[in-house]
**Student:** 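Before anything else, here's the structure in question.
Quick note: numbers below take in every heavy atom, side chains included, and nothing from hydrogens, waters or symmetry partners. Here is how names work: the chains are called A, B, and so on, in the same order as the sequence lines, proteins then strands, and each is numbered from 1.
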Number of protein chains: 2
Amino acid sequence: MSVTIRDVAHKANVSVSTVSRALSAPNLVRQQTRDRVIAAADELGYRPNTAARSLITGKTGILGIVVTDLGNPFYTGILKGVQARARQDAYSVLFADGEEDPATEESLVRTMAKQVDGLVVCAPTMSDQQLRDLAELTPMVLVNRHVPEIPAVLMDSAGGMRQVVDHLAALGHERIAYLGGPRGAWSDQERRAGLLAAAERQHIGVAEFGPFPPRFDGGIQGADLALAAEVTAIVAYNDLMAFGTLSRLRSRGVRVPTDVSVVGFDDLVFSATSAPPLTTVAMPTEAAGRAAVHLLLARLAESGAGAPATAQRLDTYLIVRFTTSPPGAPVSVSAHH
Amino acid sequence: MSVTIRDVAHKANVSVSTVSRALSAPNLVRQQTRDRVIAAADELGYRPNTAARSLITGKTGILGIVVTDLGNPFYTGILKGVQARARQDAYSVLFADGEEDPATEESLVRTMAKQVDGLVVCAPTMSDQQLRDLAELTPMVLVNRHVPEIPAVLMDSAGGMRQVVDHLAALGHERIAYLGGPRGAWSDQERRAGLLAAAERQHIGVAEFGPFPPRFDGGIQGADLALAAEVTAIVAYNDLMAFGTLSRLRSRGVRVPTDVSVVGFDDLVFSATSAPPLTTVAMPTEAAGRAAVHLLLARLAESGAGAPATAQRLDTYLIVRFTTSPPGAPVSVSAHH
DNA sequence: GCCCATCATGCAAACGATTGCTGCAACTGT
DNA sequence: ACAGTTGCAGCAATCGTTTGCATGATGGGC
């Protein structure tokens with residue numbers, strides 16, 4: 001059927017062990033035989049059987065990634081980065097979608113654990129304890145989730161929020177609203193904390209709202225609340241919500257950014273082309289994917305569980321577009337009719 | 001280290017063969033022993049070693065999917081469907097991104113072919129011949145690409161375009177523009193052909209433009225061209241372009257849909273929330289992913305290469321929102337100042 | 001009470017690679 | 001010329017399953 005190492009050995013007039021070594025530990029065989037083997041191998045189109053190999057080595061050459069919800073464009077960047085970096089080291093990547101359900105996530109991880117050399121798990125909805133248990137099963141690195149014992153790469157949302165607040169402060173805003181996302185999410189906690197801390201430092205007042213569903217409609221709901229709170233700027237948990245806010249503001253006759261500034265978070269593809277283009281914070285998703293794999297590979301290489309669980313932080317960047325400006329008159333909806 | 005079938009056998013006081021059979025061919029062992037085995041198995045937390053299994057069976061329990069560009073939200077739907085359906089049958093899925101490069105795509109497929117039981121390839125940019133060669137390596141089904149010898153699931157873009165034209169005709173439009181996508185793409189050929197055929201049948205005039213890059217800026221460029229052609233409706237190759245068109249129209253003071261109707265294609269998440277919400281054609285991406293896996297699995301089961309290469313067509317649906325209406329005055333830009 | 005189906009179970013041979021150990025040759029230094 | 005070293009190649013065990021074949025037990029029909 002398929003061409004095996006034995007065929008190559010026969011063709012090159014050597015034993016199978018020699019073939020094996022010629023291909024994976026080049027300096028253990030004489031140059032001359034090695035060339036002969038290699039010639040035979042690719043003349044026959046030999047590709048080692050990965051199942052046989054991993055049976056004995058215990059390594060599969062496969063990495064796994066599980067995300068909470070692929071529907072969210074945010075994750076596709078990570079996925080891209082993971083795959084690109086993995087490919088660099090000739091790893092394949094198994095993919096699974098947790099569908100925002102902790103139970104599904106856990107079962108997915110358990111299944112995968114058997115088939116992969118390591119796993120990257122994105123912003124899981126599971127508990128810390130579940131995560132710790134799972135981490136026993138296979139080398140694992142987290143993305144945008146922090147559990148002390150597990151290595152992770154985190155995107156510095158707090159830092160992003162600091163930039164947002166500094167930007168707003170520089171513009172002269174003195175009272176802003178924060179439209180929060182799901183309380184459970186690590187991201188929301190980070191963003192909220194970052195915003196609050198920076199606001200205090202800058203002596204800016206914050207009206208907090210939420211939690212809202214982190215989607216378009218959440219932003220609509222939040223917009224009304226924020227308007228009533230007489231703020232000059234609205235910071236949304238993410239771009240999706242910011243779009244909802246923008247939409248609601250327009251339909252209520254509030255001009256952006258003249259009457260009120262709006263800022264999002266994530267820098268989705270559409271953020272550059274919304275009307276008006278949205279000021280937001282760019283997350284280095286692809287870089288995070290790469291970094292996660294890099295970290296994972298490093299751990300695999302040293303293979304000692306001895307290394308401490310490092311958490312790597314990636315910088316985020318504020319992208320100023322056209323939804324922020326110095327505040328005009330205090331927001332008063334009735335004034336615009 | 002890890003718990004093997006031998007451990008289970010020992011604990012249940014049977015031979016390894018019995019354990020193997022109890023777990024995979026239940027009716028070959030007595031009910032009573034079977035229960036005993038199963039009890040022992042999950043008490044020990046036994047998970048069969050997939051490498052060992054596939055070494056002997058030749059099956060890996062893994063399916064592969066390669067997409068042209070994960071950045072395009074269109075593919076994530078397919079990916080989701082693929083993964084969900086695969087999971088139903090306890091298959092895992094290997095994922096790879098071709099980065100819109102035929103060479104990368106090919107190398108990816110070749111690598112994967114060794115490790116998977118079957119492959120679904122989405123809208124590949126490779127040539128028919130390359131695809132045929134690759135199809136020799138492993139069972140394969142195409143999505144949104146037609147090659148006679150290879151089974152495929154196609155989304156009926158032509159049918160969608162027919163619905164668009166019928167809708168526009170019913171509204172009273174008599175002259176429309178088509179903003180084309182990349183000429184090479186199967187999708188563009190289908191959409192263009194569907195639109196042209198339906199237009200002829202309805203006695204509607206069509207001004208064709210393009211090819212444009214299938215993105216926001218392509219739509220901007222196209223908008224200007226279409227306006228100059230004095231049409232009452234603009235049909236874009238996809239939603240991304242339609243957004244660009246919408247944006248350009250607004251900034252030129254052309255009202256949508258009063259002055260000109262706009263329709264997109266794909267029904268992205270954002271299409272429902274654009275301003276105004278976009279009339280577009282929904283592609284059953286997730287269903288397509290499921291269907292592709294279903295087809296693949298069916299082929300694997302019958303395992304005979306005898307079956308003909310069926311091509312399955314999935315219906316698309318026009319979603320009428322707020323960018324289409326009966327035509328007002330013929331488009332004349334200067335009239336709006 | 002005997003023989004023949006029938007059913008449940010065990011034995012052992014694969015599957016295709018990797019790798020520790022062994023053996024042989026050639027070479028070095030004295 | 002001989003012992004010791006080194007370098008290269010082969011033998012065979014091993015990884016954890018599945019599965020064809022053989023065997024033992026059970027039961028039913030006569």
**Student:** Return the nearest nucleotide to the side chain of B:Ser17; candidates are D:dT18, D:dG16, C:dC11.
**Tutor:** C:dC11
**Student:** Please check if any side-chain donor atom of B:Ser92 sits under 3.5 Å from a side-chain acceptor atom of A:Gln115, or the reverse.
**Tutor:** yes
**Student:** Whole angstrom is fine here: how far is it from CG in B:Asp7 over to P in D:dC15?
**Tutor:** 12 Å
**Student:** Could you state the atom-to-atom distance from CD of A:Gln31 to P of D:dG7 in whole Å?
**Tutor:** 16 Å
**Student:** Grab the CG-P distance between B:Asn27 and C:dT6 for me, whole Å please.
**Tutor:** 16 Å
**Student:** Taking 4.0 Å as the cut-off, does a side-chain nitrogen or oxygen of A:Thr33 come that near to OP1 or OP2 on D:dA9?
**Tutor:** yes
**Student:** Can you confirm whether the side chains of A:Ser20 and A:Ser17 place a donor and an acceptor under 3.5 Å from each other?
**Tutor:** no
**Student:** At less than 4.0 Å, is any side-chain N or O atom of B:Ser15 found next to OP1 or OP2 of C:dG10? Yes or no.
**Tutor:** yes
**Student:** Is any side-chain N or O of A:Arg21 under 3.5 Å from a base N or O of D:dG10, one able to act as donor and the other as acceptor?
**Tutor:** yes
**Student:** Nearest to the A:Arg53 side chain among D:dG16, C:dA17, C:dT9, which nucleotide is it?
**Tutor:** C:dA17
**Student:** Expressed in angstrom and rounded to an integer, what is the separation of B:Leu28 atom CG from C:dC7 atom C1'?
**Tutor:** 10 Å
**Student:** Please step through side chain to side chain contact (heavy atoms under 4.5 Å, CB included) for the pair B:Leu94 and B:Ile65, ending with a clear verdict.
**Tutor:** CA-CA 6 Å; B:Leu94 266 187; B:Ile65 175 171; over 6 Å; no
**Student:** Expressed as a whole number of angstroms, how long is the span from A:Arg47:CZ to C:dG16:P?
**Tutor:** 17 Å
**Student:** Which nucleotide in the list D:dG10, D:dG16, C:dA17 gets nearest to the side chain of A:Pro48?
**Tutor:** C:dA17
**Student:** I need the CD1-P distance between A:Ile56 and D:dG16, as an integer number of Å.
**Tutor:** 10 Å
**Student:** To the nearest Å, how far apart are B:Ile5 CD1 and C:dT9 P?
**Tutor:** 15 Å
**Student:** Between A:Ser54 and A:Thr57, is any side-chain donor less than 3.5 angstrom from a side-chain acceptor?
**Tutor:** no
**Student:** Choosing from D:dT14, D:dG16, D:dT18, which nucleotide comes nearest the side chain of B:Thr57?
**Tutor:** D:dT18
**Student:** Which nucleotide in the list D:dG16, C:dT18, C:dG16 gets nearest to the side chain of B:Thr4?
**Tutor:** D:dG16
**Student:** Within the 3.5 Å criterion, strictly below it, is a donor on A:Thr125 or A:Glu105 matched to an acceptor on the partner's side chain?
**Tutor:** yes
**Student:** Write down the distance between CG (A:Leu23) and P (C:dT19), rounded to a whole number of angstrom.
**Tutor:** 13 Å
